[in-house]
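Structure record follows, encoded as C-alpha cells.
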Amino acid sequence: MRFPFPIDAELPLYLAPMAGVSESPFRRLCRRFGADVVVTEFLSAEAIRRENKATLAKLRFAADERPIGVQIFGADPAGMGDAAALVTEVFEPEFIDINFGCPVKKVVRRNGGSGCLKDLDLVQTVIRSVASHTHLPVTVKIRSGWSEEMRDPVTIALRCQDAGARALALHPRTRTQMYSGAARWEEIAAVVDALDIPVIGNGDIKTAEDAVRLQRGTGCAAVMIARGSFGQPWIFDQTRALLEGKPKPPAPPVEEKFAVAVEHAKMAEQYEPDPRGAAIEFRKHLGWYVKGLPGSAELRKRLYAVESFAEIEDIFGEYLAGERSEPVAVGV
Ligand SMILES: Cc1cc2nc3c(=O)[nH]c(=O)nc-3n(C[C@H](O)[C@H](O)[C@H](O)COP(=O)(O)O)c2cc1C
C-alpha cells in the first residue's frame with residue numbers, strides 16, 4: 001500500500017502520538033530502534049496560531065526523526081487551516097495529522113479531539129480546511145466513535161477519506177470507553193476493507209507478537225504502537241524481526257537497558273531548556289525502564305525522587321553494584 005510520503009519499509013511501524021511521551025528525544029530513540037514513522041504529541045491549533053512559545057518549542061524536531069508527522073487538534077476549521085499553514089512553512093514535516101481521537105475532557109469540551117466525532121460534517125470541514133492550507137499530505141487519527149450508540153468506525157473512516165485524508169489510523173475504542181475494555185481489532189479489519197487509503201492499526205499492542213497478530217489479523221498497511229513502547233523502544237526491532245520471519249531478538253540485559261535509559265536521558269537534557277523540570281518530567285520513563293527488574297520497587301522509589309539527570313547514572317551504578325555483590329538478596 002502506498003503511503004503519501006516516502007518510507008523505507010513495506011509495512012511501516014509507527015510510534016504513536018502521545019502527549020508527554022512522544023517528544024523529540026523519545027522519537028529519536030524509537031527511530032534508532034526501528035520505528036519507521038513518528039508523530040508528535042497533539043498540539044493545539046489555537047496555540048500554534050497564536051504562536052504560543054511553549055507550543056512552538058514542542059514543534060522542534062531533529063533530522064534523524066524523519067519521516068515525522070505533526071499532529072494538531074481543534075474544532076475551528078479556519079484555525080486548523082492556519083495552524084497547518086504555519087507548521088508547513090516553518091517546520092516542514094512529512095505530513096500533518098489531525099487528532100480526532102483524544103478523549104480528554106479539556107479537549108472534547110470544545111469539540112476538539114474525539115469531540116469532533118459527534119459531528120461528521122465538522123470532521124470533513126476540518127480535514128478540507130487543513131488540506132487546503134498545506135501542500136503536505138493530511139492524515140487523521142480516529143477512535144471508533146463518540147459513544148457506544150454512535151460507534152461506526154467504517155462510516156467515520158469513509159467520511160475522512162472522502163474529505164481528503166491520505167491515511168487513517170484507528171484506535172478502535174469509543175471516547176466513552178477512554179482506555180477500558182479491549183481494542184476491537186475486527187473494526188480495523190472492517191475499515192481496511194472499506195478504504196482505499198492506507199489504514200494504520202492501533203490499540204493494545206504490548207509485545208512484538210501482538211503487533212504481528214494485529215497486522216496479520218486485519219491486513220492493515222502499518223501498525224502503530226503507543227504504550228507498548230514505554231521503557232522498551234526495542235519493541236520496534238523485535239516486531240520487524242518477527243514480521244520478516246526471523247527469531248525475535250531478546251530484550252537487552254539490565255546493563256544495556258540502563259545504558260539506553262541514560263542515552264535517552266542525555267537527549268532529553270540537551271533538548272529541554274529547564275534541566276530540573278526536564279529531569280522531573282523524565283521520572284516516568286525511568287519507572288518504565290526498570291519495570292519488572294528484581295528489587296524494582298525500591299529502585300523506582302529512588303528514581304522517582306531525582307531532580308537532576310546526573311543522579312540517574314549513580315542510582316543505576318549502585319543498583320548494578322548491589323546486584324553483583326548480593327545477587328540473592330536483591331528483590332527479596
Ligand atoms: C500517555 C498517552 C498520551 C497520548 N496522547 C495522544 C496524543 O497526543 N494524540 C493521539 O492521537 N493519541 C494519544 N494517545 C493515544 C495513543 O496514541 C493510542 O491511540 C492509544 O494509547 C492506544 O494504543 P496502545 O494500546 O498501543 O497504547 C495517548 C496515549 C497515551 C497512553
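Just follow the structure's listing: the first ligand is 1, and inside any ligand the first atom is 1. Since this is a predicted model, take the numbers as computed values, not measurements. All residue numbers in this chain count up from 1 along the given sequence.
- A side-chain donor from one of Glu311 and Ser308 sits under 3.5 Å from a side-chain acceptor of the other.
- Outside the 6.0 Å centre-distance limit, the rings of Phe236 and Phe33 are not counted as a close aromatic pair.
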Under 3.5 Å, which donor-acceptor pairs link side chains of residues 75-84 to any protein atom two or more places apart or in another chain?
residue: Asp76; atom: OD1; partner: Ala78; partner atom: N; Å: 3.3
residue: Asp76; atom: OD2; partner: Gly79; partner atom: N; Å: 3.1
residue: Asp82; atom: OD2; partner: Arg49; partner atom: NH1; Å: 2.8

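- Among protein residues, Ala16, Pro17, Met18, Ala19, Glu41, Phe42, Gln71, Asn99, Lys141, His171, Tyr179, Asn202, Gly203, Asp204, Ala226, Arg227 come within 4.0 Å of ligand 1, judged on heavy atoms.
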When the side chains of residues 98-117 are checked against the rest of the protein, which donor-acceptor pairs come out under 3.5 Å, sequence neighbours left out?
residue: Asn99; atom: OD1; partner: Gly101; partner atom: N; Å: 2.9
residue: Asn99; atom: OD1; partner: Cys102; partner atom: N; Å: 2.9
residue: Asn99; atom: ND2; partner: Gln71; partner atom: OE1; Å: 3.1
residue: Ser114; atom: OG; partner: Cys102; partner atom: O; Å: 2.8

Would you be so kind as to tabulate the donor-acceptor pairs closer than 3.5 Å made by side chains of residues 188-202, with sequence neighbours excluded?
residue: Asn202; atom: ND2; partner: Met224; partner atom: O; Å: 3.1

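- With values rounded to the nearest 0.5 angstrom, His285 atom NE2 is found 6.0 Å from Glu23 atom CD.
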